[in-house]
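Data first, discussion second: the structure below is written as structure tokens.
Quantities reported herein were computed from a predicted structural model and do not represent experimental measurements.
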Amino acid sequence: MNWLTSFVRPKLQALVRKPEAPENLWGKCPACGQMIFHRELDAAMRVCPHCSHHLRLSWQRRLEMLFDDGKFERTAVAPVLVDPLKFRDRKRYSERLKESQGKTGESDAIVVAHGRIGGFPLVAAAFNFEFMGGSMGMAVGDGLILAARLAVEQQASLLVIPASGGARMQEGILSLMQMPRSIIAVDEVKEAGLPYIVLLTDPTTGGVSASFAMLGDFALSEPGAIIGFAGARVIEETIREKLPEGFQRAEYLLQHGMIDLVVPRANLRETLIRLIGLVRDPVLPAPGNRAALPSPADVARHAGAE
Ligand SMILES: [Zn+2]
């Protein structure tokens, strides 16, 4: 070792190295690459001030943003059988569960809460993407049933907010059974004549998009959210064709009539209040008389118009 390697080289490296922004103060927008203050990003509800890209939002912030005065009450989902298949990939499923529980402080990937929105009673079931990618296993199925029954009991609207990679493969067939279970759950809300609203957030894919998530009376989405069943790359490799620009993005689904509205985060609360107000307004026919109600798409268009 000489003065060239021990003294000159580090100095030169320090000169050419790009200064790294401290992780705790700054973040980078994944869409436009601009540096943003975390505090600024939080104040903007995690929407990039430069390009309006909607970054993922935690369920806590999401529910605080939607409910009146940010207030809601949680209802706990009863514990389910842990790892009935004794599944193991690189790690045991029970270990993965414990890790996610430790990281998030939650028992599983769904949160059920109720409160009011614009004065209307609302039950919300929000997915926690931080918990094993928001994957749907037995606990999530139970959470959706709990939320649906709570909505019927309270004569409230049901809002489900998926953020999920799909079924939880570690639960095998048991996770797939949550698809029909969740559909039956939301049907109970529809049969009671109560609005069932889905707010699709990034990402909504796999078994979640193939079940309750696409059955909302109103299907709303955040801008830019990925919504689909199989991943774009898998589809491209299967059909050996280039997929169109923006495929599986919220705006593409809107253009093709799969969803009713794409709503920027800042307008979400007022849009929901307007939608719920339109279908629950006392001047409209009673909920039992659905034939006389305007179609969800008509109402959505009306609520979306400024
Ligand atoms: Zn950006």
Side-chain angles (χ1 to χ4, degrees), residues 42 45-46 56-82 96-165 168 171 175 178 181-182 184-186 188-189 192 194-202 204 208 211-213 216 218 220 222 265 268-273 275-276 280:
D42 277 340
M45 292 187 286
R46 297 186 57 76
R56 284 178 192 151
L57 189 67
S58 71
W59 65 264
Q60 292 100 325
R61 286 291 311 277
R62 169 89 57 198
L63 295 187
E64 281 166 14
M65 175 188 109
L66 293 179
F67 281 107
D68 291 352
D69 306 319
K71 279 193 211 132
F72 56 87
E73 260 181 68
R74 288 190 57 178
T75 307
V77 182
V80 293
L81 254 173
V82 177
R96 286 189 190 275
L97 269 178
K98 264 188 213 138
E99 261 172 38
S100 283
Q101 285 164 347
K103 188 175 78 174
T104 61
E106 292 291 319
S107 63
D108 214 294
I110 196 160
V111 172
V112 177
H114 61 101
R116 291 193 168 261
I117 182 165
F120 297 105
L122 180 77
V123 174
F127 279 64
N128 185 355
F129 193 74
E130 295 293 302
F131 196 109
M132 294 189 72
S135 52
M136 177 163 71
M138 291 182 289
V140 168
D142 280 4
L144 289 166
I145 290 174
L146 173 72
R149 301 219 163 132
L150 201 61
V152 175
E153 196 183 296
Q154 299 184 347
Q155 290 292 294
S157 308
L158 175 64
L159 171 69
V160 180
I161 310 165
S164 172
R168 188 173 294 170
E171 291 187 16
S175 73
Q178 307 316 310
R181 276 185 96 214
S182 62
I184 292 168
V186 300
E188 287 183 12
V189 177
L194 297 161
Y196 167 49
I197 305 167
V198 181
L199 168 60
L200 301 155
T201 68
D202 186 59
T204 299
V208 166
S211 56
F212 67 90
F218 302 112
L220 275 56
E222 287 205 317
R265 202 168 278 164
L268 214 45
R269 187 179 130 81
E270 51 166 312
T271 304
L272 282 168
I273 293 173
L275 279 178
I276 296 172
R280 304 210 74 183

Could you check whether any side-chain heavy atom of [X] comes within less than 4.5 Å of a side-chain heavy atom of [Y], counting everything from C-beta outward?
{"X": "M138", "Y": "D108", "answer": "no"}
{"X": "L97", "Y": "R168", "answer": "yes"}
{"X": "V140", "Y": "V77", "answer": "no"}
{"X": "L272", "Y": "I197", "answer": "yes"}
{"X": "V160", "Y": "Y196", "answer": "yes"}
{"X": "D202", "Y": "E222", "answer": "no"}
{"X": "V198", "Y": "T204", "answer": "no"}

Locate the shortest heavy-atom distance separating [X] from [Y]; write the atom from each residue and the value.
{"X": "A124", "Y": "F67", "result": "CB-CZ, 3.9 Å"}
{"X": "A76", "Y": "L146", "result": "O-CD2, 3.6 Å"}
{"X": "E106", "Y": "Q101", "result": "O-CG, 3.2 Å"}
{"X": "R265", "Y": "R46", "result": "NH1-O, 3.2 Å"}
{"X": "I117", "Y": "R269", "result": "CG1-NH1, 4.0 Å"}
{"X": "I110", "Y": "A125", "result": "CD1-CB, 4.0 Å"}

Atom [atom1] of [X] and atom [atom2] of [Y]: how far apart are they, to the nearest 0.5 Å?
{"X": "L57", "Y": "Q60", "atom1": "CG", "atom2": "CD", "result": "9.0 Å"}
{"X": "E188", "Y": "I145", "atom1": "CD", "atom2": "CD1", "result": "7.5 Å"}
{"X": "L220", "Y": "I161", "atom1": "CG", "atom2": "CD1", "result": "10.5 Å"}
{"X": "F218", "Y": "T271", "atom1": "CZ", "atom2": "OG1", "result": "11.5 Å"}
{"X": "R116", "Y": "K71", "atom1": "CZ", "atom2": "NZ", "result": "13.0 Å"}
{"X": "E270", "Y": "L275", "atom1": "CD", "atom2": "CG", "result": "11.0 Å"}

Test of understanding: with side-chain hydrogen bond (donor to acceptor under 3.5 Å, both in side chains), list the residues that count as partners of R181, not counting sequence neighbours.
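Checked R181 against side-chain hydrogen bond (donor to acceptor under 3.5 Å, both in side chains); matches are D142, Q178.
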Tell me if a side-chain donor or acceptor on S164 pairs with a main-chain N or O of G134 at a distance below 3.5 Å.
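Side chain of S164 to backbone of G134, a donor-acceptor pair under 3.5 Å: yes, one is there.
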Test: R280 cationic atom under 6.0 Å from F120 six-membered ring centre, within 45° of axis
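No, R280 does not sit over the ring of F120.
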Could you tell me how the ring of F212 sits relative to the ring of F127: parallel (under 30°), tilted (30 to 60°) or perpendicular (over 60°)?
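Aromatic pair F212/F127 classed parallel.
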Quick one: list whatever passes side-chain contact (heavy atoms from CB on, under 4.5 Å) with V123, sequence neighbours left out.
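Only V112, H114, A147, L150, A151, Q154, A156, L158 meet the side-chain contact (heavy atoms from CB on, under 4.5 Å) criterion with V123.
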Name the one of L63, D68, I273, L159 that satisfies side chain to side chain contact (heavy atoms under 4.5 Å, CB included) with L122?
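It is L159, the one option of L63, D68, I273, L159 that forms the side chain to side chain contact (heavy atoms under 4.5 Å, CB included) with L122.
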